[in-house]
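Please read the structure below before turning to the comments.
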Amino acid sequence: MADPVTFTPDRGAYLRTNAWLAAVAMAGAMVVLWLVGNPYVWTGAPAGLAAVGLRAWYLASEDLAATWELSDQALIGPGPRNVALAQIATVNIMGSFVQIVTKGGDKHLIKYQADPAATKAAIERAMA
C-alpha cells in the first residue's frame, strides 16, 4: 500500500445511527413508564427523542471529525490510538461502526462509516 487510506465519518451514517438510537430510546422510555404505572406513557416518546437528539447535536462536531488512517504498518486513529496491523486479531462490523480487536484484547471503533464492509475489507487487505 503506497498511500495511506483515510476513513472519515459519514454524516448520513451518523444521522441514521442516531435515528435508530432515538427510536429505541423512545420505545424504551415508554415501556419503563408503562411498567411503573405512569398514566402518561406517551411522554416517554418525546423524552427519548429529546435526549438522543440533544446528545447527537452536542457530539456531532467531535464524532464527525474523528478520522482514522491506514498505512502499511498501522491503523492510526484520533488521540493516542495507534494499532499495529500485526496486532489486529479481528475486524467486526457493528451497524455503521467497524470494531478493531487487538491480540491483547484492546477494542477500537471506527465510527459512522458509509460502507463499513468496504472499511473492513481495506483493513483486512492491509493485514494480509
Side-chain angles (χ1 to χ4, degrees):
M1 183 183 308
D3 294 328
V5 177
T6 302
F7 303 117
T8 57
D10 178 67
R11 183 173 293 279
Y14 183 79
L15 293 173
R16 280 189 305 280
T17 300
N18 280 288
W20 277 107
L21 185 59
V24 170
M26 291 166 69
M30 291 175 68
V31 166
V32 168
L33 290 173
W34 176 71
L35 288 173
V36 298
N38 189 311
Y40 304 105
V41 172
W42 67 270
T43 60
L49 179 62
V52 174
L54 183 62
R55 177 194 171 278
W57 173 77
Y58 184 75
L59 294 176
S61 62
E62 181 181 332
D63 283 344
L64 294 173
T67 61
W68 286 78
E69 189 174 280
L70 176 64
S71 70
D72 293 351
Q73 304 295 317
L75 187 58
I76 302 161
R81 294 177 186 94
N82 189 337
V83 182
L85 294 180
Q87 292 301 310
I88 296 175
T90 59
V91 181
N92 304 310
I93 295 175
M94 301 167 34
S96 66
F97 298 174
V98 175
Q99 180 190 48
I100 307 300
V101 182
T102 66
K103 293 175 182 173
D106 295 330
K107 296 176 182 166
H108 304 277
L109 287 178
I110 302 174
K111 297 180 181 180
Y112 309 112
Q113 296 297 290
D115 187 355
T119 301
K120 177 183 178 180
I123 295 167
E124 289 175 340
R125 271 192 311 274
M127 290 168 53

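Note that the structure is predicted; figures quoted are calculated from it, not measured.
- When atom types are taken as modelled, the side chain of Y14 and the backbone of A60 share a donor-acceptor pair closer than 3.5 angstrom.
- Side-chain polar atoms of Q113 and T119 form a donor-acceptor pair below 3.5 angstrom.
- In this structure, the side chains of V101 and N92 come closer than 4.5 Å at one or more pairs of heavy atoms.
- Side-chain contact between Q99 and H108 is absent, with no heavy-atom pair separated by less than 4.5 Å.
- Linking ILVMFWY residues whenever their side-chain heavy atoms come closer than 4.5 Å, directly or via other members, places I100 and V5 in the same cluster.
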Full working for side-chain contact (heavy atoms from CB on, under 4.5 Å) between I88 and I123: CA-CA 10 Å; I88 296 175; I123 295 167; 4.2 Å; yes
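- At a threshold of 4.5 Å between non-hydrogen side-chain atoms, the residues V91 and M127 count as touching.
- Residues L85 and L75 share a closest heavy-atom pair of CD2-N, 4.3 Å.
- Listed for the R16 side chain is a donor-acceptor partner under 3.5 Å among the backbone atoms of G12.
- A distance of 8.0 Å separates CG in L64 from OH in Y112, rounded to the nearest 0.5 Å.
- In plain terms, the two heavy atoms of S96 and P116 that are nearest each other are CA-CG, 4.1 Å.
- Here the side chain of K103 pairs no donor or acceptor atom with the backbone of T90 at under 3.5 angstrom.
- The number of heavy-atom neighbours closer than 6.0 Å to CD of E124, taken from other residues, nucleotides and ligands shown, is above 12.
- Nearest heavy atoms, P9 versus A65: CG-N, 4.5 Å.
- Among all heavy-atom pairs drawn from K111 and F97, the shortest one is CA-CD2, 3.6 Å.
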T67/T8 under side-chain hydrogen bond (donor to acceptor under 3.5 Å, both in side chains): CA gap, chis, key distance, verdict: CA-CA 5 Å; T67 61; T8 57; over 6 Å; no
